[in-house]
Number of protein chains: 2
Amino acid sequence: MMDQMTIFSDYIRSKGLKNTCQRKTILEAFLASKSHFSTEDLYLKLRKQHPNIGYATVHRTLKLFAECGIASELDFGDGQTRFEPLDINQHHDHLVCTNCGLIVEFTEPRIEKLQEQVAARYNFKIERHRHELYGLCPKCAKAQLV
Amino acid sequence: MMDQMTIFSDYIRSKGLKNTCQRKTILEAFLASKSHFSTEDLYLKLRKQHPNIGYATVHRTLKLFAECGIASELDFGDGQTRFEPLDINQHHDHLVCTNCGLIVEFTEPRIEKLQEQVAARYNFKIERHRHELYGLCPKCAKAQLV
DNA sequence: GGAGAAATTGAAAATGACAATCAGAAAGCT
DNA sequence: AGCTTTCTGATTGTCATTTTCAATTTCTCC
């Protein structure tokens, strides 16, 4: 199994792009980062150690990660695109707390299977899907009863 | 079962808002409209008969519809928020063609049931969800083989 | 029916996330 | 090293959405 660094450098090479130190730095920060961060989150985090890396570069590089398949873009409807490192073996969807913003990942193979059946029913050729459950996390649900 | 007009006027009254002829006009156009339209779609449609209704008013009124539960906001990730009249009895999700933009509604009670199980597993209190399948509709899938 | 308070309207401007621009800098091929 | 191509980052542009604000309309209470 290729790791994410290899996937990215292979992609770079295959497209005739260049290996720059900014991209290397951003890739490292990306892999070390917790999931579900926005461009701004990563930019601010990087700026501490690397004040010379611009917002646009972070943005473009994250797009590259998504293109080559090591990141996926998330949109929870709050007007900010988030990213997460993508592990090809393990697809998951998300529970989002509408109160505190907590994000929990879940997998449910039976839902995946039913999705395929739905697609077949309408003769669609599915490329990707988005499945998010919004509500209150245990902590916020409890707090709201008080 | 209350109809959507009643739900809206009750909501207006309960919030101390006012019944204006613009809101009445927009509500009628909204109910007569096919699903999955953007603010701009409805604005342009209205403008033919009611050139005096502004974009901002259409936008604010659609937000009101969503607030009181007679509309739902859809976001298919193309940078435009869409709306659809919400029929409380009949929840559905969407298939979206990434090539031609065709939108098909589907229902799958077994998925809904599994979602509840997932929520229970994580002790989440679900308020709503988003479930969209993106891919090629039959026509575009066929065209791509050529 | 009409005065007064409060909400609404619509044109225009502001906002904010994202994308594009462009001149100077860096990378990589030979 | 020289040369060509890509990259960078500050800035600007874009576009849907939201806010502003003065004028208008609605609704309540006489």
Side-chain angles (χ1 to χ4, degrees), chain A residues 8-30 36-68 71-83 101, chain B residues 8-30 36-68 71-83 101:
Chain A
F8 183 61
S9 59
D10 283 2
Y11 182 77
I12 287 289
R13 210 165 312 139
S14 75
K15 288 275 181 178
L17 307 178
K18 293 178 178 174
N19 254 315
T20 65
C21 54
Q22 285 93 335
R23 284 179 181 162
K24 187 158 167 278
T25 303
I26 295 169
L27 178 55
E28 279 162 9
F30 165 72
H36 321 122
F37 55 86
S38 65
T39 303
E40 175 135 26
D41 290 339
L42 192 61
Y43 168 65
L44 292 176
K45 182 180 165 189
L46 277 162
R47 202 170 56 174
K48 291 178 204 160
Q49 298 292 325
H50 306 273
N52 55 320
I53 294 182
Y55 184 96
T57 301
V58 176
H59 175 260
R60 283 178 293 220
T61 306
L62 285 172
K63 284 283 187 188
L64 273 183
F65 293 166
E67 266 175 54
C68 76
S72 70
E73 297 186 47
L74 308 173
D75 172 8
F76 296 146
D78 64 349
Q80 279 218 309
T81 301
R82 284 159 217 277
F83 294 84
Chain B
F8 183 61
S9 58
D10 283 2
Y11 181 77
I12 288 287
R13 211 165 313 141
S14 74
K15 288 275 183 181
L17 307 178
K18 292 177 179 174
N19 253 315
T20 67
C21 55
Q22 285 94 333
R23 284 179 181 161
K24 187 159 167 279
T25 303
I26 295 168
L27 178 55
E28 279 162 10
F30 165 73
H36 321 125
F37 56 86
S38 65
T39 303
E40 176 134 25
D41 291 338
L42 192 61
Y43 168 66
L44 292 176
K45 183 180 164 188
L46 276 162
R47 202 170 57 172
K48 292 177 203 160
Q49 297 292 326
H50 306 274
N52 55 319
I53 293 182
Y55 184 95
T57 301
V58 176
H59 175 261
R60 284 180 289 221
T61 306
L62 285 172
K63 284 283 188 189
L64 273 183
F65 293 167
E67 268 176 52
C68 75
S72 69
E73 295 185 49
L74 308 173
D75 171 8
F76 296 145
D78 64 347
Q80 278 217 311
T81 301
R82 284 159 217 277
F83 293 85

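Just so it is clear: chains get the letters A, B, ... in the order the sequence lines come, proteins before strands, and each one is counted from 1. All values below come from the heavy atoms of this structure, side chains included, with hydrogens, waters and symmetry mates left out.
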Quiz item: Could you write nucleotides 6-14 of chain D as a row of B, S and -, 5' to 3', where a protein heavy atom under 4.0 Å of any base atom gives B, of only sugar-phosphate atoms gives S, and otherwise -?
Solution: SSBBB----
Quiz prompt | Residue whose closest nucleotide on DNA chain D lies nearer the 5' end, N19(B) versus S38(B) | solution = S38(B)
Nearest-Å distance, [atom1] ([X]) to [atom2] ([N])?
X      : N       : atom1 : atom2 : answer
R47(B) : dT9(C)  : CZ    : P     : 18 Å
D41(B) : dT17(D) : CG    : P     : 10 Å
E73(A) : dA19(C) : CD    : C1'   : 13 Å
H50(B) : dT8(C)  : NE2   : P     : 20 Å
E67(B) : dT18(D) : CD    : P     : 11 Å
K63(B) : dT17(D) : NZ    : C1'   : 8 Å
K24(B) : dC27(D) : NZ    : C1'   : 17 Å
E40(B) : dT18(D) : CD    : P     : 14 Å

Self-check item: Nearest-0.5 Å distance that lies between atom CG in D75(B) and atom CG in D78(A)
Solution: 10.5 Å
Quiz item: Could you state the interatomic distance from NE2 (H50(A)) to NZ (K45(A)), rounded to the nearest 0.5 Å?
Solution: 10.0 Å
Quiz item: Looking at H59(A), does any N or O in its side chain come under 4.0 Å of the phosphate oxygens OP1/OP2 on dA19(C)?
Solution: yes
Practice problem: Over all heavy atoms of both residues, which pair between F8(A) and C68(A) is shortest? Give the atoms and the distance, please. | Solution: CD1-SG, 3.8 Å
Quiz item: Which atoms form the tightest heavy-atom contact between I26(B) and T61(B), and what is the distance?
Solution: CD1-OG1, 3.6 Å
So, do [X] and [Y] sit near enough that their side-chain heavy atoms are less than 4.5 Å apart?
X      : Y      : value
T57(B) : R60(B) : yes
L17(B) : L64(B) : yes
Y43(A) : L62(A) : no

Self-check item: Side-chain donor/acceptor of R23(B) to backbone N/O of K18(B), under 3.5 Å
Solution: yes
Quiz item: Is there a donor-acceptor contact under 3.5 Å from the side chain of R13(B) to the main chain of N19(B)?
Solution: no
Quiz item: Can the ring centres of F83(B) and F65(B) be said to be less than 6.0 Å apart?
Solution: no
Quiz item: Under a 4.0 Å heavy-atom cut-off, which of residues 75-82 of chain B touch DNA chain C?
Solution: none
Quiz item: Taking five pairs at each end, how big is the angle between the two axes of the helix from dG1(C)-dC30(D) to dT30(C)-dA1(D), to 10°?
Solution: 30°
Practice problem: Evaluate the ring planes of H36(B) and F76(B), with Trp represented by its six-membered ring, and classify them as parallel (under 30°), tilted (30 to 60°) or perpendicular (over 60°). | Solution: tilted
